[in-house]
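Input: a single structure, listed below in structure tokens.
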Amino acid sequence: MKSGYIYEAPVINKDYVFGSAHSVETQKGASLVLQPDGQWDDYLPEKEYQFNQYFDTISCVSFTTLSCVEILFERQFGKEMNYSDRFLSKVSGTTKQGNSPQRPAETLRTGGIVEETLWPFSPNLKTWEEFMSDIPRGLFILAKDFLKQYVFAHEYVPSNAEKMKDALTHSPLGVSVAAWFKGEDGFYYKPDGTSDSHFTIVYGYEDGKYWKCFDSYNVAGEDNSVLKKIKWNTPFEVVKRYGITENTEELKKTVSLLQHLYNALKELIEAMFPRPAYVTPPQELPMNKTDYVQLMAEAIANFESGGRLDSLTHRLNNPGAIKDKKGNFIVFKNYAEGFEYLRDYIRRACTGRHPAYKPSMTINQFFHIYAPDPEPIPTNYANTVAKHMGVYPSFTLREVFHK
């Protein structure tokens, strides 16, 4: 079963690691021992499945991350919180292949989160595409209110029993597993040669026997199997722990002062060293920057497919209906690969790295080259894409990439 876990190796001296010289333990409150016995049974949240009767969200890493946060809220602040798994899945860049545990955690740390009621995984959602639909811009502002109240921290934990037991005194753990293989003893295990495919929660243990697991899946035919027992010697590919502290007034003032200093320094540097016209700005989260390349790619994919999942572009995994030099449609291994190729095609057109386009061209001029059909097809194409992007067809390619 592939439920959405993608391995991403920790970056040495950048990503925090529990118990190392580069750990979050030095941050205020992050090293609090909350459960000396390492058992979190009394603080488990309500069951939340990552699927409904129609589809699987492939979002186990977001569900697990937020369930760990909700457990910490119950333990530390006595609050029963329920945050939007759908929101975090979308803004952290979850695909139909899933996501890594690092990305939702880092997105939550830097961009915040909203409550489930504001962007729910409602029963009437029938497709993965509906689950991943565009989020109202106002919710990104509300998400950052979370950061005004709380500081969220996360770090990797070495995958050995003693380190995990120690880390469990601080928080429940997110762990990657091979889902799901059950032995005759009733414990779940990882067969030799099997890769991890799922991310779930370890909330306690029976020393030397098994790890206690709270999962986003029910195993078919088994009642209450969101609670599982994982064999003690199971090798976990990735283990993460989390921390929540209240954002004090002092911290708010410090952050505000640093922001003012940063803004002043940034203005001074930009005045002394103006950026060249084609310098690519740093990538930012969706809540900080409108990603026009993404919006343009989405609109092209929808226009080419006509909104049909059985279209030629879907069958070829080629959402942009892009052809090779011989005039044949390119076939990609999967839709995600084809969509990224379309995004790169747009980026190259916007930055002068595609011989057919110039950054000074408008969106309207772009589509007269991209879709050289008789009028009014190119004009209608340009108008449809520009409307999805929230701009005019006179918007230049340079603005598409740099806005």
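Any value given below was found using the heavy atoms of this structure, including those in side chains, with hydrogens, waters and symmetry copies removed.
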In terms of heavy-atom contacts, does CD of E129 have more than 12 from other residues, nucleotides or ligands at under 6.0 Å? yes

Does atom OH of Y392 have more than 12 heavy-atom neighbours, drawn from other residues, nucleotides or ligands, at distances under 6.0 Å? no

Return the orientation label for the F51 and Y49 ring planes: parallel under 30°, perpendicular over 60°, tilted otherwise. tilted

Pair E237-Y5, side-chain donor/acceptor within less than 3.5 Å: yes

Centres of the Y16 and H154 rings: under 6.0 Å? no

Answer yes or no: is there a side-chain heavy-atom contact under 4.5 Å between V17 and E155? no

Applying side chain to side chain contact (heavy atoms under 4.5 Å, CB included) to V400 and M296, what does each step give before you reach the verdict? CA-CA 8 Å; V400 168; M296 190 171 182; 4.1 Å; yes

Can you check side chain to side chain contact (heavy atoms under 4.5 Å, CB included) on S59 and N99, steps first, answer last? CA-CA 7 Å; S59 299; N99 210 340; over 6 Å; no

Can you tell me if Q76 uses its side chain to pair, donor with acceptor, with the backbone of I244 under 3.5 Å? yes

To the nearest 0.5 Å, what is the distance between CD1 (I113) and OG1 (T107)? 9.5 Å

Evaluate the criterion side chain to side chain contact (heavy atoms under 4.5 Å, CB included) for residue pair F187 and W211; output intermediate values, then yes/no. CA-CA 9 Å; F187 299 162; W211 301 98; over 6 Å; no

Apply salt bridge (charged side-chain N to carboxylate O under 4.0 Å, His left out) to R103 and E8, showing your working. CA-CA 9 Å; R103 294 186 66 185; E8 178 181 347; 5.6 Å; no

Show your working on side chain to side chain donor-acceptor pair (under 3.5 Å) between Q149 and D145 and close with a plain yes or no. CA-CA 7 Å; Q149 301 178 63; D145 285 343; over 6 Å; no

Hey, does H170 have a side-chain heavy atom less than 4.5 Å from the side chain of F18? yes

With salt bridge (charged side-chain N to carboxylate O under 4.0 Å, His left out) as the criterion, how do K229 and D185 come out once you've worked through the C-alpha distance, each side chain's angles and the decisive distance to 0.1 Å? CA-CA 10 Å; K229 296 178 180 178; D185 56 4; over 6 Å; no

Quick note, ring pair (Phe, Tyr, Trp, His ring centres under 6.0 Å) partners involving residues 304-326, not counting sequence neighbours, are H314-Y335

What pair of heavy atoms forms the shortest contact from T234 to Y189, and how long is it? OG1-CA, 4.1 Å

Please check: side-chain N/O of E399 versus main-chain N/O of T396, any donor-acceptor pairing under 3.5 Å? yes

Are the side chain of R109 and the backbone of F152 linked by a donor-acceptor contact shorter than 3.5 Å? no

Output field: ring centroids Y83/F63 closer than 6.0 Å: no

Is there a side-chain contact between M132 and S89 (heavy atoms, below 4.5 Å)? yes

Please verify the inter-ring angle class for F366 with Y370; under 30° counts as parallel, over 60° as perpendicular, anything in between as tilted. parallel

Any chance you could lay out the salt bridge (charged side-chain N to carboxylate O under 4.0 Å, His left out) test for R343 and D291, step after step, and finish with the verdict? CA-CA 11 Å; R343 280 174 51 87; D291 189 347; 3.5 Å; yes

With a sphere of 6.0 Å drawn around NZ of K358, does it hold more than 12 non-hydrogen atoms of other residues, nucleotides or ligands? no

Identify whether NZ of Lys or CZ of Arg in K228 sits under 6.0 Å from the centre of the six-membered ring of W180 and within 45° of that ring's axis. yes

Is a side-chain donor or acceptor of S171 paired with a backbone partner of Y242 at a separation under 3.5 angstrom? yes

Hey, does Y156 have a side-chain heavy atom less than 4.5 Å from the side chain of V239? no

Any chance the side chains of R86 and S84 put a donor and an acceptor closer than 3.5 Å? no

Show every donor-acceptor pair shorter than 3.5 Å between a side-chain atom in residues 301-308 and any protein atom, with sequence neighbours excluded, or say none if there are none.
unit_1	atom_1	unit_2	atom_2	d
E304	OE2	Y381	OH	2.7
S305	OG	A301	O	3.1
S305	OG	N302	O	3.3
S305	OG	G307	N	3.1
R308	NE	D310	OD1	3.0
R308	NH2	D310	OD1	3.1
R308	NH2	D310	OD2	2.6

Within the 4.5 Å heavy-atom criterion, are S62 and T94 side-chain neighbours or not? yes

Are the ring centres of Y203 and Y43 closer than 6.0 Å? no

Please tabulate, one pair per line, all N/O donor-acceptor pairs under 3.5 Å involving side-chain atoms of residues 120-127, not counting sequence neighbours.
unit_1	atom_1	unit_2	atom_2	d
S122	OG	N124	OD1	2.4
T127	OG1	E130	N	3.1

Would you say the side-chain atoms of E74 pair up with the backbone N or O of G78, donor to acceptor, closer than 3.5 Å? no

Between F87 and I135, is any pair of side-chain heavy atoms under 4.5 Å apart? yes

Could you tell me if K323 sits above the aromatic ring of F329, with its cationic atom closer than 6.0 Å to the ring centre and no more than 45 degrees from the axis? yes

Can K90 and D134 be said to form a salt bridge (charged side-chain N to carboxylate O under 4.0 Å, His left out), step by step? CA-CA 8 Å; K90 172 70 174 179; D134 291 339; 3.8 Å; yes

Examine F332 together with Y341 and report whether their ring centres are nearer than 6.0 Å. yes

Would you check, one step at a time, whether the test side chain to side chain contact (heavy atoms under 4.5 Å, CB included) holds for K190 with F181? CA-CA 7 Å; K190 181 177 180 177; F181 301 90; over 6 Å; no

Centroid separation F55 to W128 less than 6.0 Å: no

Verdict with supporting geometry, T313 and N318, side chain to side chain donor-acceptor pair (under 3.5 Å): CA-CA 5 Å; T313 57; N318 185 348; over 6 Å; no

D42 bridged to R75 by N-O distance under 4.0 Å: no

Determine whether L72 and W40 make a side-chain contact, defined as any pair of heavy atoms from C-beta on separated by less than 4.5 Å. yes

If you measure from CG on N364 to OG1 on T379, what distance do you get to the nearest 0.5 Å? 5.0 Å

Apply ring pair (Phe, Tyr, Trp, His ring centres under 6.0 Å) to the pair Y210 and W232, showing each step before the final yes or no. CA-CA 4 Å; Y210 59 83; W232 184 255; 8.5 Å; no

Please step through side chain to side chain donor-acceptor pair (under 3.5 Å) for the pair Q102 and D15, ending with a clear verdict. CA-CA 9 Å; Q102 179 72 1; D15 295 331; 3.2 Å; yes

Judged by atom type as modelled, is there a donor-acceptor pair below 3.5 Å linking the side chain of D166 to the main-chain atoms of E162? no

Say whether, by atom type as modelled, one donor and one acceptor occur between the side chain of H388 and the main chain of T384 under 3.5 angstrom. no

With side chain to side chain donor-acceptor pair (under 3.5 Å) as the criterion, how do Q294 and E298 come out once you've worked through the C-alpha distance, each side chain's angles and the decisive distance to 0.1 Å? CA-CA 6 Å; Q294 175 72 16; E298 290 172 354; 3.0 Å; yes

Is there a side-chain contact between S176 and H198, using heavy atoms and a 4.5 Å cut-off? no

